[in-house]
J.: 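One structure, as structure tokens, below. Some questions next.
Every chain is numbered from 1, with letters handed out A, B, ... down the list of sequences.
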Amino acid sequence: MITATPTQHEPKNYINSDYGIKSWLLTQDHKRIAILYLIVVTAFFFLGGLFAVLIRIELATPAGDLVDSNVYNKLFTMHGIIMVFFFLIPSIPAILGNFLIPLMIGAKDLAFPKINLLSWYIYVAGGVFTLYALMRGGVDTGWTFYTPFSTSYSNSYVIATGLGIFINGFSAILTGLNFIVTIHRMRAPGMTWFRLPLFVWAHYATSMIQVLGTPVIAVTLLLLILERGLHIGIFDPALGGDPVLYQHLFWFYSHPAVYIMILPAMGVVSEIISCFCKKAPFGYSFIAFSSIAIAVFGFLVWGHHLFVSSQSVYAGMVFSMLSYLVAIPSAIKVFNWTSTMYKASVEMSTPMLYAIGFIGLFTIGGLTGLFVAALGIDVHVTDTYFVVAHFHYIMVGGAIMGFLGGIHFWWPKITGRMYADTWSKLSAIIIFVGFNLTFFPQFILGYLGMPRRYHVYPPEFQVFNVLSSAGASILGFGYLLPFCYLLYSLKFGPKAPANPWGAVGLEWQTSSPPISENFEVTPVVTQDAYQYSTREEVKVG
Amino acid sequence: MANHPPETEHSTTHHIVPTRVYYGVFAALLVLTGVTTWIAYIDLGRFNIYVALTIAVIKASLVMLFFMHVRYSSKLTKVIVASGVFWLMIMFLMTMSDLATRGWMRVPGR
Amino acid sequence: MASHAVTDLRHHFENHDQQKDASTLGMWIFLVTEIMFFGGLFLAYIAYRTAYPDAFGAASNTLNIPLGAVNTAVLICSSLTMAMAVHSAAIGKNKLLITFLIATLVLGGVFLGVKAYEYHDKFVEHHVPGPNFDFKSEDAKHPVDPHNASLYFALYFAMTGLHASHMIIGAVIIVVLIRMAAKNRFTPEWHTPIELFGLYWHFVDIVWIFLFPLLYLIDPKNK
């Protein structure tokens, strides 16, 4: 008996326009490529999370009872590599940015659809190399691959992992290139620069970093691989090389890379806050330009990772002072978001909970960043859990809160389904609580002097470590919840209307999920973004 | 054309450069190559490298401006080229701010 | 030929201007990534030349300057033929376009051949970093540390090698372009691949314009 497919009566959209695995793997539709990214990035997130779980179990007791030091070194290295290069960097840009930028600017697709698909395959290829290295036994250098340990002494799969990250870098470069060209050349009529949503501005700034920074890490890893394979001496002090030069080259990319993670999250938060306060963000152009400023200033500060690496004292002073510059645009954003919420009728929806969580956690992460940017304090807390807590507040508290907020905000648009509101609010709160319980004790641990990257520690540190591990289990549970109810909503969730949140912005003017061509007619934009007071007048076509 | 975003930064305006410009640039490049090679055989002390690099910058600029049509291109193209050079200089100068000043402070025992 | 050009408009663009603008912009941004990619090597070069000027000078003096100068001239010629190829495409002279593309390919091949000959010399002289590396200072009064000379040669091979690999990739693309031109694919309205490849080829030329003085000419030859 043949069952009539219910989709026959459904209007066509990008999901049901074509069927079969081939229609997905060979697609050039930016929305489908975003889904491809979503699947692989999520898989890497849980893989990286698995390593974090093992680390936290090991650290629950002072003794090294679960793993020995060699395995522990590999655990935190693989956790770092997978989370940084294969989750955080592609997360928001390649998934939400890919899906939304053409919709937000009223284009049919990104400028180079084939390159977009290619970048996904490159990302997967880089991942395969890294997984291969992992299967063979992993890497123990830390995600930073500091020389000469990584080139001369480490007995692990540095070359394979380095190649994986090298390849993966081209995926980020191509995505950034595609976004820049798209934002310049594909905007709908009337969509001027200062009518662009702040999400697009944030992605423009992110793409600048990807394009200007990523090639440097690529050539650095190339030199690292050459050095390890052929011992040419570039980073080997025994042969006249300078290991600190490696750190300069590495952090020239890897410090701005932090802004690749946080800037898109800031873009997401700007959208969410504006929508659920039902008013335009306070100081649109300040938020827009502060994104660009963060991208530029971000390139001037990398030396603050080298304060204790025998960098010259004078360079240390310069880098320390420049590091404070980044606080200015970051603070502008935080103040503007809070000003937007001031006297607004704030709707505490799930995305808004994540956005508010983001502001709080990012502020703590940013302020502790000022601590470690100060030369004297940094000497005390370098390589302690203080630094670990600081960058997790930015990368997890900031970037992942932004990512989850964005996923919840645009889930109805992406999938055409609504998720369970109670569950989603509950999990947002669980994640916030679990996150703080995990990482706040680490500030104290670090200040007390517990160094990072050791699997054993003195017993007096156990209280805080147990708190941290307990928090991590809550956090882990919190991350599993959205995975479950979002998947559930795909099949059983109620159908989403085109604009469930009452938001403005072109992406909400088309159906949920959007049609393959994004819009029936190319929209003509006649207004600035975020015209919540007059949103009936925004028209399409 | 009406559907095209109102850009001020157009790069398509088709500019056909007269071939004599190409031949002129080509001749200049060859002459400069000869000059820089010739100067390498004259001892100017530490100025050899400055002269050689100045000539290289002139040659590279000629290639960019005329062969790569930057001179006839949009503002956006010029900004992109400039930003590439600018970021390269950030990388060079900030790194050298460390490497060149390491010896300035006497460290006991060294 | 106008109808032919229309078929090359991809569905998500409104018109040809937009499509061409996008491709050109994309190519320039790609070239910026290339600047930064080579930039890392140039930074390593600056760092080590500042640290070991004598060793770099002595090592640099073992290179064959006339060959380097000739190769520079060859590459400049190929840049000219490439510029002429773009010009021929723009004025719709297909035969001329093919001729200039072939000339560019041949000149690129000559460059790589000379480069291979120079590499061969370096192998014979044991100037390749590694276990067989052997460097004797010509100036016996001021001997330089062979380790530092080895750094120079490591950078020499890394930089010229990366440059040569870009030329090889370029040569492969020229072959594709020649085949396309032979099928009359290019018109004065649409020859974007030729233009974009021209940008790439000139960029590779510019890299060499800097490599030549930095690697061959940094040290006065008659002291």
Side-chain angles (χ1 to χ4, degrees), chain A residues 28-30 102 107-115 169-170 173-174 176-182 184-186 188-189 207-208 210-223 226-227 230-236 238-242 244-246 248-249 252-253 516-518 522, chain C residues 10-15 17-52 55-56 59 128-133 144-159 161-162 165:
Chain A
Q28 290 176 28
D29 184 338
H30 66 105
K108 295 195 187 86
D109 205 322
L110 290 174
F112 308 116
K114 281 183 194 161
I115 288 181
F170 290 100
I173 291 174
L174 292 179
L177 189 153
N178 220 336
F179 285 178
I180 293 181
V181 175
T182 304
H184 270 284
R185 292 283 177 250
M186 307 294 285
S207 306
M208 279 171 58
Q210 287 181 321
V211 164
L212 290 161
T214 319
V216 179
I217 189 81
V219 78
T220 310
L221 288 170
L222 208 59
L223 285 173
L226 281 178
E227 170 77 58
L230 307 171
H231 290 288
I232 52 176
I234 297 244
F235 300 127
D236 187 352
L239 297 174
D242 184 353
V244 182
L245 179 69
Y246 171 81
H248 277 294
L249 285 165
F252 178 83
Y253 163 76
S516 295
E517 297 275 297
N518 289 349
T522 304
Chain C
R10 309 253 299 126
H11 80 281
H12 57 291
F13 289 110
E14 297 287 344
N15 54 46
D17 270 1
Q18 191 188 19
Q19 173 164 300
K20 196 180 156 209
D21 271 3
S23 314
T24 313
L25 183 60
M27 190 64 199
W28 274 107
I29 294 169
F30 172 74
L31 292 184
V32 168
T33 72
E34 287 276 27
I35 292 178
M36 299 308 288
F37 191 64
F38 278 96
L41 285 174
F42 278 96
L43 175 62
Y45 174 90
I46 296 170
Y48 293 131
R49 165 162 154 90
T50 318
Y52 314 117
F56 268 50
V128 182
N132 293 326
F133 183 77
V144 297
D145 187 344
H147 283 328
N148 301 340
S150 167
L151 267 183
Y152 169 87
F153 285 111
L155 285 167
Y156 168 81
F157 281 106
M159 294 167 112
L162 198 62
S165 67

J.: Select one option (side chain, backbone, both, neither) describing which atoms of A:Glu227 are under 4.5 Å from chain C's heavy atoms.
T.: neither
J.: Could you check if a side-chain atom of A:Val216 sits within less than 4.5 angstrom of a side-chain atom of C:Leu43, using non-hydrogen atoms only?
T.: no
J.: Roughly how far apart are A:Ile217 CD1 and C:Phe37 CZ, rounded to 0.5 Å?
T.: 11.5 Å
J.: Using 0.5 Å steps for rounding, measure from the CD1 atom of C:Ile29 to the CD1 atom of A:Ile180.
T.: 4.5 Å
J.: Could you measure the distance from the NE2 atom of A:His184 to the CG atom of C:Leu25? Nearest 0.5 Å is fine.
T.: 6.0 Å
J.: State, yes or no, whether a side-chain contact exists between C:Phe30 and A:Ile173 at a heavy-atom distance under 4.5 Å.
T.: no
J.: Checking heavy atoms, do the side chain of A:Leu239, its backbone, both or neither come under 4.5 Å from chain C?
T.: both
J.: Pick one of side chain, backbone, both or neither for A:Tyr246, based on which atoms fall under 4.5 Å of a heavy atom in chain C.
T.: neither
J.: Any non-hydrogen side-chain atom of C:Glu14 less than 4.5 Å from a side-chain atom of A:Pro189?
T.: no
J.: Measuring from A:Met186:CE to C:Phe13:CZ, what's the distance to the nearest 0.5 Å?
T.: 4.5 Å
J.: At a 4.5 Å cut-off on heavy atoms, which part of A:Leu249 comes close to chain C: side chain, backbone, both, or neither?
T.: side chain
J.: What part of A:Asn518 gets closer than 4.5 Å to chain C, counting heavy atoms only: side chain, backbone, both or neither?
T.: neither
J.: With a 4.5 angstrom heavy-atom cut-off, could you sort out which part of A:Leu110 is near chain C: side chain, backbone, both or neither?
T.: backbone
J.: Can you tell me which portion of A:Leu212 sits under 4.5 Å from chain C's heavy atoms? Options are side chain, backbone, both or neither.
T.: both
J.: State whether the side chain of C:His12 and the backbone N or O of A:Ala111 hold a donor-acceptor pair below 3.5 Å, judged by distance alone.
T.: yes
J.: Applying side chain to side chain contact (heavy atoms under 4.5 Å, CB included), can you list everything that pairs with A:Leu230, at least two apart in sequence or on another chain?
T.: A:Leu226, A:Ile232
J.: Should C:Leu41 and A:Val219 count as side-chain neighbours, where that means a heavy-atom distance under 4.5 Å?
T.: yes
J.: Looking at CZ of C:Arg10 and CD of A:Gln28, how far apart are the two atoms once the value is rounded to the nearest 0.5 Å?
T.: 5.0 Å
J.: Given heavy-atom pairs under 4.5 angstrom as the criterion, report whether the side chain, backbone, both or neither of A:Ala107 touches chain C.
T.: neither
